[in-house]
Structures are given as structure tokens and as C-alpha cells.
Amino acid sequence: MAKNFYITTPIYYVNASPHIGSAYTTVAADVLARWNRLLGNRTFFLTGTDEHGAKIEAKAAEAGMEPLEFVDSIADKFKTAWSALDISYDGFIRTTAGNHKAAVARALQFLHDKGDIYLGKYEGLYCRGCEQFKHEKDLVDGRCPDHGTVPETVSEETYLFRMSKYADELLEKIKSDEYRILPVERKHEVVSFIEREGLNDISFSRKNVGWGIPLPWDASHTTYVWADAFLNYLTGLGWSGDPASVKDLEYWPVDIQLMSKDILRVHATIWPCMLLALGVELPKKLFIHGFFQVDGQKMSKSLGNVISPDEMLARYGVDATRYLVISSAVFGQDGDITWARLDEKYSSDLANGLGNLVSRVSNLLEKNGIMTGLQAIDPASSKIAGLFQELKLDEILKTVWAGLRHCDEDLTAKAPWKMTDRAEIESVLLPIAQTILDSAYLLQPFMPVVSDRIIRQFSEKQVEKNDPLFPRLAS
Ligand code: MSP
């Protein structure tokens, strides 16, 4: 039966252009969105950009630009990158959009009226890279472990969100899986964090950051960038900021929120507590995937080892790039990529794998004038449907490739090119053609263009030779 399916990526900071890390989350979300569409589910896939806060303000100043001009230019780069990667998003939310800002102001006013936001003081450390408040114990040698920078000391009047009030309720919902965090190790990590440290009220406004949404009842403060950012998951559906109107949103609650471990803790604490305070149903599932490193090192501009989607696209083309990023790591665990390994995988799995098999089989079919006119498998009844349910994206590819390899071996062993009896040739080629067609059908979410070419080629009655699907790499 058709269902509604809503999936989100984090909204990315516009302090830098998209790299292969943000591309990984976005391609994975795209695969899941396309799979749901293939099943006939009504699907909404939201991504976007996180454009306020001290970090962006400083970056714009560095570039000698007005913040709005700066964020416009980077948001465009994200849109261009996603279109080059064939990302089929249904909504692209920017936190500087008027409707988003108005909804955030309205929601915060509601929390303020309710007494869940109150005036206080914040004294402590702030890491601009994370846009998060830090404790001494979060630091390594006095520095933020993620950014290597010394946090600034902040002492200012601030409005605090009464997060502590919702800690018990949240813990219960996480433990019972009503609010599901996957893989399960991530759930345990969050549960033990909340049990160990509890949840403290958290600063929700900044007095000295101009680039943000002013609080509606006190314009001398701007909204804390994470409070602003989380609400994108609702405003991206057209929400007005009125908690009572969430029930009118067709796609809420969200089915899957994808992200990596760097932002798990904030997503599993501040965000659901905001929803509890607003009286809004929690997301169904957070899925936390791993972090990509390049050749054993964190990808960073200063190390000069950033792999950009553009470089991969130029070398491998769009479908192969999508295949390579998803197959480079077990979904949910860390991965490490190197150009050498990407090249190797491109050649073995794509150029000499799928591409070569399709070309051998279509040549033989054409040469022998064999009509195919095959029907593809029903995706819902395939064995990969269960793997999709468990979000085992890399395993789906492994399963499909095992089938393709088997075809290759079968072809070589039976050598139909040596046969003369047409019925015998057909009995070898048709089952192989069927597996290729079924594989292409199931690969549509991963490789939309190549799959489409194969489907057209193998479901038409007369199979014709075609240009190679995956050209050999120039060395
Ligand atoms: N703006 C916040 C998110 C707000 S959502 C309400 C933010 N932005 S970010 O640009 O830093 O994006 C972080 C996310 O990008 C990660 O959680 C992950 O999805 C993706 N990745 C960024 N670098 C990555 C790797 N090196 N490897 C894998 N994913 C990575 O945090």
C-alpha cells in the first residue's frame, strides 16, 4: 500500500563549498527517496543550507562581502553541485528565506509565552566552528577536538530554553524506540549521555551576533543558530510556526533524518526537546552514518586533501560517482577513501563489471537476432526490499553485484558464442538478460541514468549495441 515518506539531510553550513562528505549524506538520502518513489510512496525529500550565525558572518567579512550576498553565492554552489549529482530533492530550504524566518520567530514567541524561554545569563565557552557551547571536559588540551581551535569565552545576557524540563520524557521516548536512533550503538551513546549528565537549560539567543533572526519580543538578541536551523525540517514543508497547524502538514512526522555523528548529540537532545515543548510529534527515526576520511586523515582545506564532488564527477561521471560514494563505506560506519581505491573500484565493478557484462550480452543477443521483450522484477518483492528497510545501502550494491558476477561466470563457463543451436543459445542468454534487467531496475535509485539506458535496451524487443556505459579511465 502506498504511504507517505519524508526524508531530510542536515542543512549544510555555507561557510564552504560542498565536499564529498556532504555529498555522501545527500546521495544516500536521494537513493532512499528514489526507492520510495519506485515503490509508489508519496515522497518528500528536503535538503538545504544553514545560513545564519557567527561563523558565516565572519566568513562573509573575510570574503569582503555582505552576508546575504555571500550566502546567496554559496547556496547556489550547493544547488549546482546537487543538480550535477542528480539529486532529486523536492524542497531546498534556506534559513534566510522570509517564510522560514517568520516561522522561527513565531515558534520562539510561543515558547517564550509558555515560559519555556526565559532571560538569564550565559558564562562559558563557545566554539564557532561547531556553533556550540562547550564545557572544559569537551576539550582536548583546551581546544575543540573537531575544529582544533580554542573556544572563545562568552559572558552575556541570554535567553535560555528550558530543556531540563523535557529530559525525562525524551529519555523515555529514546529508550522505548518511539524516537528511534540508529544504528543501535548511537542510541546507547545518547542514552548514556543523558543518564550521565542530564540535560541543562541551553542558551537560545546571542546578543553580539548580528547575523541571525531577531527575537520577536527583544530585538537586541538574535536566535541561536541551531534553534533556527532545526526548525527547517518543519518550515521546509511550508509550516507557518504555529504549533497547532503541524497536524495539517501532510508529511509530518518525518520518517528518516540522515546525518553523521558530529551532529548526533544536538539532534537527539535540543531538537526533540524543542518539539516536545511545541507539542509536536517527534521524528520517527534518526539514522547516523559514519565519517569519511581521505587516506586516513580528516578531510580539511589546510591538509589540501578535500575531495570535491566536481573532481569525482569529472573523472567518473554522475552515476559512477554515486555508486562509488555509497559503496565506499558500510552505511553507519566510518569510511576511508583514496583516489587509487576509487579508480580500482570504478574499473573492476563498473567498466569491467556491469559495463562489460551489458556489452557482451547485448552483442550476443544482437548477433543472434534474439528478441527479449522481458519484464522487470517487482521491486517490492525483491530481496533487496528488506535491505532497504534496514538502510543497508552498501549491502544492496554488494548483493546486486554478486548476481552480476554470477552472470559473468555463467557466460564464460557456458560460452554461448561457441554454440550453434539457437534454442540452446537463448536458454543461456535469456536468464542472464533477465538478471541484468532486474539489476538495472533495482539500481535505479543509485544510478538513474545508466539504469534507464539498460532498462530501455533490455526490455525492448530488439536489443541493440550501445556506447560503453562506463568508459575506461584515462590514466
Ligand atoms: N548546519 C549544521 C546542521 C544543521 S541541521 C539542522 C551542520 N552543517 S555541516 O555543513 O557541518 O554538515 C554536517 C553534516 O555533513 C554531517 O552530519 C554529515 O551529514 C555531512 N558530512 C560533513 N563532512 C562529512 C564527512 N567527512 N563524512 C561524512 N559526512 C560528512 O552541521
Side-chain angles (χ1 to χ4, degrees), residues 7-30 32 46-56 59 71 74-75 77-78 81-82 87 91-96 100 104 127-132 144 146-147 181 186 211-212 223-236 254 256-275 283 286-301 303 305-309 312 325-326 328-338 393-394:
I7 184 162
T8 64
T9 71
I11 48 171
Y12 303 108
Y13 285 129
V14 289
N15 61 326
S17 302
H19 60 68
I20 215 61
S22 37
Y24 182 60
T25 317
T26 312
V27 171
D30 188 59
L32 292 165
L46 182 71
T47 188
T49 40
D50 191 353
E51 304 188 358
H52 289 128
K55 172 159 65 177
I56 310 291
K59 275 279 166 189
V71 298
I74 311 267
K77 287 193 184 174
F78 274 90
W82 298 161
I87 303 298
F92 189 101
I93 177 89
R94 297 185 54 189
T95 55
T96 48
H100 173 83
V104 169
C127 170
R128 258 198 211 181
C130 301
E131 292 282 14
Q132 281 177 47
C144 165
D146 286 342
H147 293 94
I181 302 173
R186 298 293 174 196
W211 184 236
T223 306
Y224 173 45
V225 61
W226 276 97
D228 162 355
F230 284 131
L231 293 172
N232 93 84
Y233 299 130
L234 284 161
T235 61
V254 50
I256 301 179
Q257 302 214 276
L258 275 189
M259 68 201 69
S260 193
K261 55 190 177 184
D262 52 338
I263 54 177
L264 163 64
R265 194 181 284 179
V266 281
H267 267 85
T269 55
I270 307 173
W271 167 225
C273 286
M274 285 174 79
L275 291 171
L286 289 193
F287 188 91
I288 313 303
H289 65 67
F291 230 65
F292 263 122
Q293 294 201 320
V294 177
D295 218 356
Q297 284 181 312
K298 190 176 172 192
M299 231 182 298
S300 90
K301 272 202 188 147
L303 291 171
N305 64 353
V306 174
I307 293 186
S308 79
M312 282 188 72
V325 292
I326 298 296
S328 286
V330 173
F331 202 53
Q333 290 176 27
D334 289 343
D336 190 76
I337 51 177
T338 63
L393 300 187
D394 55 297

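FYI, the numbering just counts along the sequence from 1. Numbering of ligands and ligand atoms starts at 1, following listing order.
Considering backbone and side-chain atoms alike, Asp50 places an N or O below 3.5 Å from some N or O of ligand 1. Geometrically, ligand 1 and Tyr13 share a nitrogen or oxygen pair separated by less than 3.5 Å. For ligand 1, the polar-atom distance check against Ser260 finds a nitrogen or oxygen pair separated by under 3.5 Å. For ligand 1, none of its N or O atoms has an N or O atom of Pro10 under 3.5 Å away. At under 3.5 Å, not a single nitrogen or oxygen of Tyr233, backbone or side chain, sits near a nitrogen or oxygen of ligand 1. Between Ala229 and ligand 1, not a single N/O pair is under 3.5 Å apart. Distances between N or O atoms of Tyr12 and those of ligand 1 include no value under 3.5 Å.
The single protein non-hydrogen atom nearest to atom 24 (C) of ligand 1 is Gly21 CA, 3.4 Å, given as residue, atom name and distance. Ranking the protein heavy atoms by distance from atom 31 (O) of ligand 1 puts Ile263 CG2, 3.4 Å first. Among protein heavy atoms, atom 16 (C) of ligand 1 sits closest to Asp262 OD1, 3.3 Å. Looking from atom 20 (C) of ligand 1 to the surrounding protein, the closest heavy atom is Thr25 OG1, 3.5 Å.
Summarising the geometry of His100 relative to Asp228, their closest heavy-atom pair is NE2-OD1, 2.8 Å, with the distance given to 0.1 Å. Considering all non-hydrogen atoms of both residues, Thr9 and Gly48 come closest at OG1-N, 4.5 Å. Of all non-hydrogen atoms in Gly290 and Ser260, the two that sit nearest each other are O-OG, 3.0 Å. Across all their heavy atoms, Ile326 and Asp394 have their closest contact at O-CB, 3.8 Å.
Ligand 1 lies nowhere less than 4.0 angstrom from a heavy atom belonging to Ala16. By the 4.0 Å heavy-atom criterion, His267 is counted among the residues contacting ligand 1.
When heavy-atom distances to ligand 1 are checked against a 4.0 Å cut-off, Trp226 comes that close only through its side chain, counted from C-beta outward. The part of His289 lying near ligand 1 is the side chain, judged by heavy-atom distances below 4.0 Å. Residue contacts with ligand 1, taken as heavy atom pairs separated by less than 4.0 Å, do not involve Thr9 at all. The proximity of His19 to ligand 1, defined as any non-hydrogen pair under 4.0 Å, is limited to the side chain.
Near Gly290, meaning under 4.0 Å from any of its heavy atoms, are these atoms of ligand 1: 28 (C).
For Lys55 and Glu131, the salt-bridge test fails: no basic side-chain N is under 4.0 Å from an acidic carboxylate O.
The side chain to side chain contact (heavy atoms under 4.5 Å, CB included) test with Ile93 singles out one residue from Leu231, Thr47, Thr49, Thr235, and that residue is Thr235. Between His52 and the options Tyr13, Tyr224, Trp211, Trp226, a ring-ring contact (aromatic ring centres under 6.0 Å, His included) holds for only Trp211.
Heavy-atom proximity to atom 26 (N) of ligand 1, evaluated over Phe230, Phe292, Tyr24, is greatest for Phe292. Residue nearest to atom 3 (C) of ligand 1, selected from Val325, Val266, Ile11: Ile11 (by heavy-atom distance).
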Show which side-chain atoms of residues 262-272 pair as donor or acceptor with protein atoms under 3.5 Å away, not counting sequence neighbours.
unit_1: His267; atom_1: ND1; unit_2: Ile263; atom_2: O; d: 3.0
unit_1: His267; atom_1: NE2; unit_2: Tyr233; atom_2: OH; d: 2.8
unit_1: Thr269; atom_1: OG1; unit_2: Arg265; atom_2: O; d: 2.6
unit_1: Trp271; atom_1: NE1; unit_2: Gln257; atom_2: OE1; d: 2.8

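The aromatic rings of Phe331 and Tyr24 sit perpendicular, their planes meeting at an angle over 60°, well past the 30° parallel limit.
Between the side chain of Asp295 and the main chain of Thr338, no donor-acceptor pair closer than 3.5 Å is present. Asp334 contributes a side-chain N or O that, together with a main-chain N or O of Phe291, makes up a donor-acceptor pair within less than 3.5 Å.
Atom CD of Glu51 is separated from atom CD1 of Ile74 by 9.5 Å, given to the nearest 0.5 angstrom.
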